[in-house]
2 protein chains.
Amino acid sequence: MKQKSTSSGVKEIARRANVSIATVDRVIHNRTGVSEKTRRKIDLIIREMNYQPNILASRLASRKVFHFAILIPRVSEETDYWEAPLNGIQRATAAIKQYGINVDHYFYDLNDKKSFTRQTQIILKQKTDGVLMAPSFIEEAVHFAEECRKRNIPYVFINSDIPQQDSLCYIGPHLFQSGYLGAHLVNLGTSRKGKTLVVNISREIDNHHHLLRKEDGFRSYFKDHGSPQEIIKLDIRQTHYQAVSRKLSKTLRDFPDITAIFVTNSRVSTVASFLEKSGLENILLIGYDFLRENVRYLEKGTISFLICQQPEEQGYQGTMALYDHLVLGTQIEKVHFMPIDIITKENYEFYQTAK
Amino acid sequence: MKQKSTSSGVKEIARRANVSIATVDRVIHNRTGVSEKTRRKIDLIIREMNYQPNILASRLASRKVFHFAILIPRVSEETDYWEAPLNGIQRATAAIKQYGINVDHYFYDLNDKKSFTRQTQIILKQKTDGVLMAPSFIEEAVHFAEECRKRNIPYVFINSDIPQQDSLCYIGPHLFQSGYLGAHLVNLGTSRKGKTLVVNISREIDNHHHLLRKEDGFRSYFKDHGSPQEIIKLDIRQTHYQAVSRKLSKTLRDFPDITAIFVTNSRVSTVASFLEKSGLENILLIGYDFLRENVRYLEKGTISFLICQQPEEQGYQGTMALYDHLVLGTQIEKVHFMPIDIITKENYEFYQTAK
DNA sequence: CTGAAAGCGCTTACAG
DNA sequence: CTGAAAGCGCTTACAG
């Protein structure tokens, strides 16, 4: 069952090829300074033996430390969403730091493009072997991705994707599908007679195409199930309560038969607050993300469903993808869509309890 | 930022304590043969330095191979549920086999208690450092757990728990809560006028107390929300289609106002098949587990919701718990309840897509 | 283009 | 009770 240690490893390869282990090492790592003939001979033996390098020994002997740069939004009062990915990243860090991985964090402000660019510039000055980023600002992220590519630094996208950017991989939600699911929940939770309101709340509705992709998915469901005319749309470009409240009041006055509201992002708690204050709690409310505020309204019943996409796992798996690629040389899946979780009053306690 | 390598590690401890590294090693691993005085001195220095052993070096130098025994049901035609935990176990195995972990699988037949006992006996004859098991047969599992305890072999439960058995940990569903959630979904998906049918389908209803715990949760929801009298209960002790069909026919004839059926385990597809053939597809059907057959009916709309508990993660995390405990010496959480996922037609594609 | 030797930070016999 | 030395399977200068 178990091979004798003498019959595997670089030593054995060297013995069979009649060279030194240093030369074997050069071939294994595709380094220069080996004659074609020798290289071929060694390659052949490696294949024959189905040689698997011992990562323990490799990492121990190598003085090399890998530097990962994490570029994500700062956790703020306004949104504690990013706490979860950060936790996942820290969990991954704990698992791999033993193996000579250094993880540096660069936080930017979601309300300030400049801060994103500033952080990318710092990263590019640093010695960096891999990048994990949430590409919140498309243009800026594309530019940064180009710089990484030039330097041969692999980068992973989490939370939202920018396709065609040759990233190592994308780990995050399938936005269209999550909107589609949202519509399904509306359909389940209301009689089919009322109208449905879709609400985008964001200072950057036009830059944040991911909101629109969710809305598309939402509408598609109704198209597929035959009542697209019942959807009212409301864009709110100021995120504070007053603005949201004013806009909602008006819309609900104009359309008194609205029975469900779908908020395309985590700002659903603002809407919940409005409904509560207005005594409109029989309107079905659905939104995104496992934020403390949102969960509070879920508990109360003001919010019926939160759609979540395992942000903690996104951070964990994104970091591990860099590790697997850079350290273990594993092949990485280009796209990994997260499960679309439905959180309710009854199951929220068991969401994100992972250590 | 980075400490010079000379100022950390056993060598440095040895230097400071004025002893050899062999003695330091003895203290680190709590081995005998060190004077109290020396031990105390070294312990102090270790604490002062906040010394963290280098696992890479430790695993490399140590000739020790850890043997994990995995005791779970064989994947059968009847239920492919156990494919998922097995995948998780294999993913964990791939991640840790580099570090001298040997993982052996022992499969038993869910319809055959004896096969469980037989496998436990084989395991006990083997050199085993840790056990991961699904304790499907309580009595037999308790007995095996005792034997492990005698031998100082830690064991992890997945999928269902046996409390008070001093396991290293339990990783799996909170059964009561998942039943509670099932009732919530019934409530959402039906008008409150109809009756609800709870169906237990198992040859071993009385041994499999976990079915009953789900039923309890289910009933509690209605109690908390005020209509317990509307629940009809049906136990079916033969699992083949004919038996299920016969029983269901009769019950639905007796209670024509049943509008929802809650099946307490993965055999919900049998009920779905019956409803389909009987043209009763407007009855809301809810059950458990992401099996191919179940998903087929989810797609068709015959089943509205499947409740799932990340079986793949149970396998992965269970295996890693053994690793963390035995190899890294990490403190392990006693109980880790899995998230309770709700799977629908719209989100099933994104469930269990993890590699 | 190639090899001998030292070393990564531990563990393991073995000798005293 | 303690220590010197070899070795785990690699990588890394360095010398030729």
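Every chain is numbered from 1, with letters handed out A, B, ... down the list of sequences.
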Scanning all shown strands, the Watson-Crick or wobble mate of C/dA4 with both distances under 3.5 Å is none
Per nearest nucleotide of DNA chain D, the residue lying toward the 5' end, B/E36 or B/A57, is B/E36
A/N18 atom CG is separated from C/dA4 atom P, nearest whole Å, by 11 Å
Determine whether the aromatic ring centres of residues B/H105 and B/F107 are separated by less than 6.0 angstrom.
yes
Ranking C/dG3, D/dC1, C/dC10 by distance to the side chain of A/S20, first place goes to C/dG3
Closest to the side chain of A/H29, out of D/dC10, D/dT2, C/dT2, is D/dC10
* For D/dC1, does OP1 or OP2 lie under 4.0 Å from any side-chain N or O of B/T23? -> no
Item checked: Main-chain N/O of B/K64 paired with B/S62 side-chain donor or acceptor, under 3.5 Å -> yes
B/I21 CD1 to D/dC1 P, in whole Å, measures 20 Å
With distance as the sole test, does A/K334 use its side chain to make a donor-acceptor pair with the main-chain N or O of A/S167 at under 3.5 Å?
-> yes
Using Watson-Crick geometry (N1-N3 plus N6-O4 or O6-N4) or G-U wobble (N1-O2, O6-N3), each under 3.5 Å, C/dA13 is paired with none
Of the listed C/dA13, C/dT2, D/dT2, the closest approach to the A/S35 side chain comes from C/dT2
Discussion item. Using OP1 and OP2 only, check whether a side-chain N or O of B/Y99 sits under 4.0 Å from D/dG9.
Written reply: no
Between B/Y51 and C/dC10, is there a contact of a side-chain N or O with OP1 or OP2 at under 4.0 Å?
yes
Legend entry - Aromatic plane relationship, A/Y99 with B/Y99 - under 30° parallel, 30 to 60° tilted, over 60° perpendicular: parallel
B/A61 has its side chain closest, among C/dG9, D/dC10, D/dT2, to C/dG9
Is the A/F157 to A/Y155 ring centre distance short of 6.0 Å? yes
So, is A/S62 near the phosphate of D/dT12, with a side-chain N or O under 4.0 Å from OP1 or OP2? yes
Q.
Does B/K127 have more than 12 heavy atoms from other residues, nucleotides or ligands lying within 6.0 Å of its NZ?
A. yes
When rounded to whole Å, the NZ to C1' distance for the pair A/K11 and D/dC8 reads 9 Å
Considering only heavy atoms and no angle criterion, is a donor-acceptor pair shorter than 3.5 Å present between the side chain of B/R59 and the base of C/dG9? no
Rounded to whole Å, CZ of A/R26 lies from C1' of C/dC1 at a distance of 8 Å
Worksheet item: Under 4.0 Å: is that the gap between some side-chain N or O of A/S58 and OP1 or OP2 of D/dC10?
Response: no
To the nearest angstrom, the CD1-C1' distance between A/I13 and D/dC10 comes to 11 Å
Between CZ of A/R31 and P of D/dA13 the distance, given in whole Å, is 10 Å
Give a yes/no answer on whether the side chain of B/T32 brings an N or O atom under 4.0 Å of OP1 or OP2 in D/dC1.
-> no
From CG of A/L60 across to P of C/dC10 the rounded distance in Å is 9 Å
Separation of C/dC8 atom C1' from A/N54 atom CG, nearest Å, is 13 Å
